[in-house]
Amino acid sequence: MTVITVDGRSIALDKEGFLVDLGDWSEQVAVELAQAEGITLGDEHLEVIHALRRFYAEYQLSPAMRPLVKYIGQQLGPEKGTSLHLLRLFPGSSAKIASKIAGLPKPDNCL
Amino acid sequence: MKSLLIISRHPPARLAAREALDLALAAAAFGVPTAVLFMDDGVLQLLKGQDATQINRKSLAANLQALPLFGVEEIMVCQHSMGERGLGGAQCLLDARPVESAEIAALLDHYDQVVTL
Amino acid sequence: MLHILRHSPGSETRFASCLRGLGPQQSLLLLEDAVYGLLPRSRTLASLQILPGSVRLYAMEADILARGIALDDLPERVKLIDYPAMVQLCIYHSKVVSW
């Protein structure tokens with residue numbers, strides 16, 4: 001387990017960098033989590049992050065890539081609901097990285 | 001790709017209900033044309049107003065509503081099972097298509113693979 | 001005697017068997033999936049309602065809320081209880097039968 005400090009608060013991360021306590025999340029924490037992934041958060045990232053948090057609140061699932069693309073399309077418009085857009089913002093395993101930055105729990109399955 | 005019908009037959013607090021949902025999500029994630037039929041006590045998964053926190057569980061109802069987003073578009077509910085339990089479509093939290101008993105044989109025939117959980 | 005049911009009436013026969021074995025001065029507690037027996041307009045609710053008035057009926061409130069069964073639709077004779085009350089019931093009755 002590692003600990004990062006944001007605004008003077010200590011925040012615990014598990015060994016893969018997910019928040020231990022989901023209540024620790026704030027936009028400021030998201031900026032730090034993103035930096036650890038080599039991503040500088042901009043408005044385009046943040047709207048995806050907030051959509052992801054709504055997805056989790058509604059369905060209590062961390063989405064895989066396909067449902068995430070579909071959901072972003074519904075929420076932010078079809079031009080953003082593409083895997084290319086998400087891959088550009090969150091290179092690599094987009095769904096997993098974005099979930100981590102959004103402070104969602106580590107997906108308990110591979111779906 | 002072969003199509004898959006999952007028949008979910010148990011109430012939401014039973015592990016089998018969760019397994020049926022996971023199977024549906026997994027199959028759809030791999031691009032399998034997947035349908036779910038709620039039958040027998042499985043129709044109880046669809047009841048509105050469930051509050052799983054009362055018994056310290058994760059909400060199956062919330063997860064079920066993600067089925068269409070995960071690519072499971074064909075969601076059906078056995079009308080006979082609903083009737084036996086005094087339930088109507090208005091109490092359903094998903095937009096599930098009601099199927100008559102007579103239709104079920106045709107469904108079993110139509111899908112390449114059928115799994116009952 | 002306190003009879004306890006915790007399986008859904010729709011999945012097998014023990015719900016019906018319990019009702020057959022229930023004596024007129026006895027108590028019945030519905031737990032977990034057995035609370036589906038209280039669904040309005042269901043056959044099981046009808047069979048619970050024709051039990052003799054001397055049978056005391058109890059149900060776990062948390063199990064009812066968890067499953068989305070509306071409290072206001074429940075018949076008056078069903079007493080809703082919490083976990084400490086369940087312990088009390090088990091102590092109060094000299095014999096407990098779990099179906």
Side-chain angles (χ1 to χ4, degrees), chain A residues 14 18-23 25 47-87 89-90 92-100 102-111, chain B residues 1 3-4 6 8 11-36 38 45-75 92-96 115 117:
Chain A
D14 72 6
F18 285 88
L19 290 183
V20 172
D21 178 355
L22 305 182
W25 192 86
E47 64 179 7
V48 172
I49 295 296
H50 283 296
L52 251 178
R53 290 180 63 81
R54 288 197 297 277
F55 184 101
Y56 185 75
E58 192 171 348
Y59 302 118
Q60 294 174 26
L61 286 171
S62 299
M65 196 58 179
R66 238 165 59 154
L68 177 60
V69 167
K70 202 162 166 181
Y71 187 74
I72 294 296
Q74 288 174 2
Q75 296 274 315
L76 306 178
E79 71 286 354
K80 294 191 171 157
T82 67
S83 44
L84 274 180
H85 177 69
L86 293 173
L87 273 168
L89 295 174
F90 304 97
S93 321
S94 304
K96 190 179 173 198
I97 294 167
S99 294
K100 189 188 287 185
L104 270 44
K106 185 164 45 185
D108 51 10
N109 53 39
C110 55
L111 316 174
Chain B
M1 191 170 305
S3 60
L4 171 67
I6 300 164
S8 187
R14 293 277 300 271
L15 197 56
R18 166 74 52 192
E19 287 168 346
L21 174 63
D22 281 348
L23 176 58
L25 296 178
F30 283 99
V32 177
T34 305
V36 181
F38 295 93
Q45 296 172 37
L46 301 176
L47 265 180
K48 277 184 190 161
Q50 297 176 50
D51 177 11
T53 60
Q54 292 277 349
I55 50 171
N56 298 319
R57 299 286 180 92
K58 232 185 129 180
S59 166
L60 185 79
N63 296 171
L64 282 173
Q65 295 180 70
L67 277 171
L69 271 180
F70 279 73
V72 181
E73 312 276 358
E74 186 72 342
I75 300 170
C92 241
L93 50 81
L94 279 177
D95 190 16
V115 176
L117 274 168

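Labels below follow one simple rule: chain letters A, B, ... track the order of the sequence lines, proteins then strands, and each chain is numbered from 1.
Contacts between A:Gln60 and chain B at a heavy-atom distance below 4.5 Å involve backbone atoms as well as side-chain atoms.
For the residue pair A:Tyr59 and B:Gln65, the shortest heavy atom distance occurs at CE2-O, 3.4 Å.
Dense packing is recorded around CG of A:Asp21, with more than 12 heavy atoms of other residues, nucleotides or ligands lying under 6.0 Å away.
Distance NZ/B:Lys58 to CG/A:Leu61: 5.5 Å, rounded to 0.5 Å.
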